[in-house]
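Have a look at the structure below before the remarks.
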Amino acid sequence: MNNRLLDKLNQEQLQAVTLPSVAALILAGAGSGKTRVLTTRIAWLISTGQVGPQGIMAVTFTNKAAKEMQTRLGAMLPMEFERSTRSMWIGTFHGLCNRLLRAHYKDAGLPQLFQILDSADQLSAIKRLLKTLNVDDEKFPPRELMYFINSAKDQGLRPHEVDAWDDFTRKRVELYTEYDRQCQREGVVDFAELLLRSYELLQNNEAIRAHYQRRFSHILVDEFQDTNRLQYRWLKLLAGGGAAMFAVGDDDQSIYRFRGAEIGNMRDFEREFKVDNIIRLEQNYRSQGNILNAANAVIKNNTERLGKNLWTDRGEGEPIRVYESSDDIEEARFVVDEIRALTQDGTSRSQIALLYRSNAQSRVLEHQLFSNGIPYRVYGGLRFFERQEVKHALAYLRLIANPHDDTAFTRVINFPPRGIGARSQEQLQDAAKANQCSLYAAAPLTPGKAGQTVANFLRLIDQLRFACEGLTLPEIVEQVLELSTLRTHYASEKEGQDRIANLDELINAAANFIAEEGYTQDMPSSEVASSTNTPDADTPNTNTTIASTTTATTPQIDINDVTVSAPTSAPDALSTFLAHASLEAGEHQAEQNQEAVQLMTVHSAKGLEFDVVFLGGLEEGLFPHENSLNDKGGLEEERRLMYVAITRARDRLYLSFSQQRMLHGQTRYNIRSRFLEEVPEDLLKWLTPQRKSYGFGEFGSFSRASNAPNAAPPSSFGSSGPRNSLGGLRIGQSVVHARFGQGVIVSAEGSGNDARVQVNFGREGMKWLALSVAKLTPA
DNA sequence: GTCAATGATATTTTT
DNA sequence: TATCATTGAC
């Protein structure tokens, strides 16, 4: 490896990269060069001969991160190794588990061509289950049940291991059992199952476990703070043979607790792996001092931290700009005005990000940007493989690979409409249930007229499979679009042009998949076989035609006196492509408008950086979100979110909040976020008259900048004189209460002695107060 | 069996 | 305010 790569590192980075081969935990703050450390570490291990490429496993959470690591590594390693990056196991948890299960599907108890359910598929599978079992979906909402099942799996719990302490939970456990049974019958696997299944594979099969434990002497994990219980156990199992685990993460940036992430894993890792080497990367190369100090000040309010303080040598930079607006529209106007000024001064639009807590907030911003002709791009919409037309096409493809895939079957049995309505489908379901078989298999057993119409559909499936034999993948997709009449169906729809374009894009995607990386990457490798023969047996299979499902006899291979069934022949390109489609839903949006302002939630901004960041909606109830205020953990996670948001900014940060905001078609009155209060005053520059602290306990004194209750921004329209007068108080008015502190009047009723007002006290919640009793003074 | 209207419902998101 | 899902009418 090029030694200059090491020269570029700072002291701590260098130390981390060149750590001995034992367990290590790298606490990498935002912008501290985490990815660089991770990739350089791998390059260093390989080029110093400590390990061969096949001994490396690197796990990430997103495909994007995996790809980036792969690319960077390719550039770092000298030619002789570059080719072998392919034999490294670099990928997402799910991608790697998929690889493992494909290679050992038999031992994992799966059909060779098992399909992967994405969350939408999973939800419809659950709905279908509830229907066949005649379960009241009012009592057991499918979404809630899905969450229940997934969180059990995320913790590594099979139904019998779940603690059921009441009837309700017992019933849910029972449904969990049935759900798993259904999946097994259909030969499909959901995301969580991918992990759990491969965990169990390793745990129950000593030969396989020993093989991989021996193979991977170095396991590197990115974003370790986001691992869930099961992922941690999976890693622990794999590393059980003495592999050196190199975990990189930042507990302050853990923002996925709601989907099972356990920060506790960091502490457990430290303890269970007897980690002596904790290295803190605290030098931030991204943000200016004021921004960093603000972030530090906010996160300091969290307890339960591993501890870390970012610093920079970039200088203080500009103060953080704070803006208070009367309503959300005005806030958006302000943002747009600033953007105009910024771009006029030469700031690139793509270097400006508008961040918000929840997606609903993007609308006002979009509207304002749009009417001012400023190009923008919103992240987080529907992704390519999630579009309905694409999902329909994929369902047909899945039926070619496996006609017993009931999820795919129900998706397209009547799409495009072919006269198989709810009634017929019900009969089909019944027949399938009675015979304990797939819908496909049940069709011939279905009585009456329903059986007839369904038979036609079966013929279509068979016809598809027949027509596709021997074709290349893109040709198959093409065939399917024609024979299923999907294309003609959308052609006759008024808004169908975009959809057809997407279907064409699917053909493209298939072609690319074959031509480029995809296919070779996800190829199951002849793992077990390889260890006894050539060291690098992950030979890409370039066979692009559908092999008519060959039930290859599994050769028995002897490893250290243990007989393990070797992976069978590669499944066909179609199945691999389908797995790819589930695992990698595709880029958020195709149009990469380069010069556009970037809009996204704080969550999706993680890992990104921008010269200028606007963070809006800093209001109690919104950020921190009201749903997360119930427990302390929720609030701390919100604070980490705030931390992530702040640290996205390189040079300039705007924080804004609004007294009034439209939410779900109703006007809400809010007080400013406690997180804003947590930023030291001397880092701020108020662009609107400032009302100092709120009555949050420790802040004793109240002061105000202007007598105007609303401190309306100078430019503003809107709330001028007091309307709805109630003894000097009005809706939207900020008030102070001796016990509850600062609040905003949200609504009022009654008059005279009966007059009551509803006040939003933020942290203290919403209260109805009688004016004759409560002492409310204008703030 | 299909279509239109109504009504509930509403963080955050990757795989 | 929008979306979605389910209901009710043809």
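Only this structure's heavy atoms are used, side chains among them; waters, hydrogens and symmetry mates stay out. Predicted model only: the values in this text are computed from it and were never measured.
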Check: Does any residue of residues 410-418 of chain A have a heavy atom under 4.0 Å from DNA chain B, and if so, which ones, in number order?
Finding: A/Asn414, A/Pro417
Notebook entry, point to check: What residues in residues 220-231 of chain A put a non-hydrogen atom under 4.0 Å from any atom of DNA chain B?
Noted result: none
Item checked: Pairs where residues 656-669 of chain A contributes a residue and the test salt bridge (charged side-chain N to carboxylate O under 4.0 Å, His left out) is met, not counting sequence neighbours -> A/Glu331-A/Arg661, A/Glu619-A/Arg661, A/Glu626-A/Arg668
Checklist line | Where at least one partner belongs to residues 256-266 of chain A, residue pairs that pass salt bridge (charged side-chain N to carboxylate O under 4.0 Å, His left out), sequence neighbours excluded | finding: A/Arg257-A/Asp631
For nucleotides 8-10 of chain C, list the nitrogen or oxygen atoms of the protein found under 3.5 Å from its nitrogen or oxygen atoms, one pair per line.
none

Check: Can you list the residues that meet the side chain to side chain donor-acceptor pair (under 3.5 Å) rule with A/Ser254, with sequence neighbours excluded?
Finding: none
Item checked: side chain to side chain donor-acceptor pair (under 3.5 Å) involving A/Asp498 - partner list, sequence neighbours excluded -> none
Next item on the list: Apply salt bridge (Lys or Arg N to Asp or Glu O under 4.0 Å) to A/Glu68 and list each qualifying residue two or more places apart in sequence or on a separate chain.
Entry: A/Arg72
Item checked: Test salt bridge (Lys or Arg N to Asp or Glu O under 4.0 Å) applied to A/Arg357 - qualifying residues, sequence neighbours left out -> A/Glu638
Under 3.5 Å, which donor-acceptor pairs do the side chains of residues 133-146 of chain A form with other protein atoms, sequence neighbours left out?
residue	atom	partner	partner atom	Å
A/Asp136	OD1	A/Glu138	N	2.9
A/Glu144	OE1	A/Arg172	NH1	3.3
A/Glu144	OE2	A/Arg172	NH1	2.4

Protein-nucleotides 9-12 of chain B N/O pairs closer than 3.5 Å?
residue	atom	partner	partner atom	Å
B/dA10	N3	A/His664	ND1	3.4
B/dT11	O4'	A/His625	NE2	3.3
B/dT12	OP1	A/Asn359	N	2.8
B/dT12	OP1	A/Asn359	ND2	3.4
B/dT12	O4'	A/Arg357	NH2	3.0
B/dT12	O2	A/Arg357	NH2	2.6

Checklist line | Pairing residues for A/Phe675 by the ring-ring contact (aromatic ring centres under 6.0 Å, His included) criterion, not counting sequence neighbours | finding: A/Phe623
